[in-house]
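Note sheet for the following structure.
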Amino acid sequence: MAKSREVEKPNKAFGWAARDSSGVLSPFSFSRRATGEKDVRFKVIYCGVCHSDLHAVKNDWGTSTYPLIPGHEIVGEVTEVGSKVQKFKVGDKVGVGGMVGACHSCDNCANNLENYCSKMILTYGVKYYDGTITYGGYSDTMVSDEHFVIHIPDNLPLDASAPLLCAGITVYSPLRFYGLDKPGMHVGVVGLGGLGHVAVKFAKAMGVKVTVISTSPNKKKEALEHLGANSFLVSKDQDQMQAAEGTLDGIIDTVSAQHPLLPLIGLLKTQGKLVVVGAPEKPLELPVLPLLMGRKLLGGSCAGGMKETQEMIDFAAKHNIIADIEIIPIHYVNTAMERLVKTDVRYRFVIDIGNTLKSSS
Amino acid sequence: MAKSPEEEHPQKAFGWAAKDSSGLLSPFHFSRRETGDGDVTIKILYCGICHSDLHNVKNEWGFTMYPVVPGHEIVGTVTKTGKNVKKFKVGDRVGVGVLVDSCKRCESCQQDLENYCPQMVLTYNSYSQDGTKTFGGYSDIVVVDEHYVLRFPENLPPDAGAPLLCAGITVYSPMKYYGMTEPGKHLGVAGLGGLGHVAVKIGKAFGLKVTVISTSPKKEDEAINRLGADSFLVSSDPAKMKAAINTLDYIIDTVSAVHPLAPLISLLKLNGKLITVGLPEKPLELPIFPLVLGRKLVGGSDVGGIKETQEMLDFCAEHGIASDIELIKMGDINMAMERLAKSDVKYRFVIDVANSLSQ
């Protein structure tokens, strides 16, 4: 008979898991592996709530297996390191993002692109090397191979830096890869949510002029006064959009709902680049003629490798970039998920694991 | 009252034009401007038939201004030069492609990207700076600002080289811009027609491995044995397409019919690039997930600037690359258009203008 989750592995652990595609989370006792020679074990202090967590608990992509503990914006403090661990020691402030394993032998891994490795192992919901399912950061402890652990610099507040581990790298990587990081460039950010607000901050720190493009006019004040965007376009306002045609070197499109691409392509200058990091479930309509007539491109990007994730965190520390968060106790998480569906958050929920996740609750 | 096309300009000209959206072409008298100080007048020898010509005569894109004289793959001889002309002399063999003017001042023009100038003037069906309409190469002469005239290399055949002026630059430019020129890398060419067959030849000249992707299994023999492609993939064969997943570094998509992009995207490796140069009438369905998960991109490209067009011609001359053509008489143009609509040509019709255009 298969072992129950609680005794599968030697170290008791406690978290909140979804049991089925209703997506409702509830207390869940399970276990983590013993700290292997290359592993880092840490006490989880905070975990960000990523929109992917919501998709996963509701099985929106059809690939979820239950029980499912989400959470891949995990920060905490090291409590134990394996005998061969070189980069971390007890007491270090660390984080884990979207992945905890890869093959380490393919070209992608060799090029620090573990996120594109065909055998990449996600932080939650998939099989680990030992055949057991990975459990994410809505839990009291984490164990991870040191290769997939990030140092959090001392000057970054732990709670507000947690979302950088997914949202941060998701927008930082394409700004660099697609060359939209040169001072003086003009970049648009579509969607002002978890990803979008961090994209504005990173782009500004890179010396880039930023225009936020959003369906919600009431986000304008925040965008300009609080996030430092240079301008704001209401995407449904045809006059505004037309007036801004041909002004952007690039666009980071964070919107995961279905949305029209044609107006965004129109905003690009000749040779402009539209980068999609949100992932709509259904195909979008691509108008080909505007792409051709301006030699424009539309490219995708997905998270980032470990080396770049550390680089991103260090960049954030240098420029004091953190996410704007709403800290919640663990028992609020189901309400938070409901609010997330309505994008009612400025701009990321972060679960106060350290203070509110107790196995007796 | 506006002048008729015959009276608009001082130099008499004769060609074949479509008068309405039936697309049928027939003899047409018109006129060309005086050879200005910066202009050359060219006696047209050959003109390639581009699929855009067919789209235009039938008003498939909705902006044809009849009568339209198509033709933007022109090769001819200089007969007159304006007094400020420096690059050409009478008797020179020259080419004219898709554009004949631009603003010369904007950022695009300054970067030798006249083809992206918002005020670019097309060789036909466009308005010149003097407000008159441009007429293309299915005609006896054309007058063009020397800046937009290409020197046609002596060792390129003028008939088989004519299609390079549109088809050639249309595939050469994106191959350079999107970095699809690294020897040993693997290029897919989707569609084996006027554009596709030239893409295969140019791809091989760059040292790439080339796979032709086509709906027609019967093109395989030609593709491999005559054009030099390394392999052939029938896009309607799901098993073959599945086996080829994640094998291509780049794809040039020359197909202008509406077609699914998802299968092409799946053929690309990580960071793969799908470049579309065909012009489907409707938007295409684009699956986003595969682009995100594989950091792939879809890009467009539209002919090339004059400097790059010259570079392309010289490259083709150096590598012995010309189009595979079927030479026709002017009088057979309507039959050729019908066959083109059915893609029944290997791989470009070229009109023997000088020898068959009689008044």
Side-chain angles (χ1 to χ4, degrees), chain A residues 52 61 63 106-109 111 113 115-118 120 170 173-174 177-178 245-246 253-262 265 268-305, chain B residues 61-63 106-109 111 113 115-118 120 170 173-174 176-178 245-246 253 255-262 265 268-305:
Chain A
S52 303
W61 297 320
T63 51
C106 69
D107 277 348
N108 292 334
C109 285
N111 290 324
L113 294 171
N115 51 317
Y116 297 113
C117 167
S118 58
M120 183 264 295
T170 296
S173 186
F177 181 69
Y178 287 98
E245 268 179 10
D253 184 356
T254 73
V255 175
S256 50
Q258 298 293 115
H259 59 290
L261 294 177
L262 180 61
I265 292 171
L268 293 170
K269 295 176 181 172
T270 298
Q271 301 181 131
K273 304 170 189 176
L274 171 55
V275 183
V276 287
V277 293
E281 292 154 33
K282 297 202 182 66
L284 300 182
E285 262 193 12
L286 178 72
V288 175
L289 195 59
L291 221 59
L292 249 78
M293 289 183 47
R295 192 154 75 173
K296 301 175 183 179
L297 68 85
L298 187 158
S301 183
C302 182
Chain B
W61 292 326
F63 49 71
C106 68
E107 233 182 284
S108 292
C109 285
Q111 290 173 22
L113 294 171
N115 51 318
Y116 297 112
C117 168
M120 165 188 54
T170 296
S173 184
K176 295 293 298 262
Y177 178 66
Y178 288 101
I245 279 177
N246 203 25
D253 185 359
V255 177
S256 52
V258 169
H259 60 287
L261 293 178
I265 290 169
L268 291 169
K269 295 176 183 172
L270 177 74
N271 298 333
K273 303 171 190 178
L274 170 58
I275 306 307
T276 63
V277 293
L279 289 165
E281 293 150 35
K282 296 199 182 64
L284 301 182
E285 249 188 29
L286 180 70
I288 300 294
F289 251 92
L291 291 183
V292 168
L293 292 180
R295 197 158 65 172
K296 301 176 185 180
L297 66 86
V298 178
S301 182
D302 186 19
V303 297

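Naming: A, B, ... by sequence-line order, numbering from 1 per chain.
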Gap separating the CG atom of Leu291(B) from the CG atom of Leu284(A), nearest 0.5 angstrom: 9.5 Å
Interatomic spacing from CD in Glu107(B) to CD in Gln271(A) - rounded to 0.5 Å: 9.5 Å
Closest non-hydrogen atom pair, Thr276(B) against Leu292(A): O-CD1, 3.1 Å
Lys296(B) to Tyr178(A) - nearest heavy-atom pair and separation: O-OH, 3.9 Å
Proximal component of Asn115(A), with respect to chain B [non-hydrogen, under 4.5 Å]: neither
Portion of Ser301(A) that has a non-hydrogen atom of chain B nearer than 4.5 angstrom: both
Asn271(B), part contacting chain A, at a heavy-atom distance under 4.5 Å: side chain
Nearest non-hydrogen partners of Val292(B) and Cys302(A), listed with the distance: O-CB, 3.0 Å
Residue Leu261(B) versus chain A: region with a heavy atom under 4.5 Å: side chain
Proximal component of Leu113(A), with respect to chain B [non-hydrogen, under 4.5 Å]: side chain
Rounded distance (nearest 0.5 Å) linking atom CG of Leu279(B) with atom CG of Leu291(A): 11.0 Å
Interatomic distance, Asp253(A) atom CG to Ile288(B) atom CD1 [nearest 0.5 angstrom]: 8.0 Å
Flag if over 12 foreign heavy atoms under 6.0 Å of CG, Asn246(B): yes
Close side-chain approach of Tyr178(B) to Arg295(A), heavy-atom, < 4.5 Å: yes
Interchain contact, Ser108(B) with chain A, by part (heavy-atom threshold 4.5 Å): side chain
Engaged part of Ser118(A) at the chain B interface, taking heavy atoms whose separation is under 4.5 Å: neither
Val303(B), part contacting chain A, at a heavy-atom distance under 4.5 Å: neither
Top of Asn115(B), Leu274(B), Leu293(B) for chain A proximity - count of heavy-atom pairs under 4.5 angstrom: Leu293(B)
Heavy-atom proximity to chain A below 4.5 Å, by part of Leu113(B): side chain
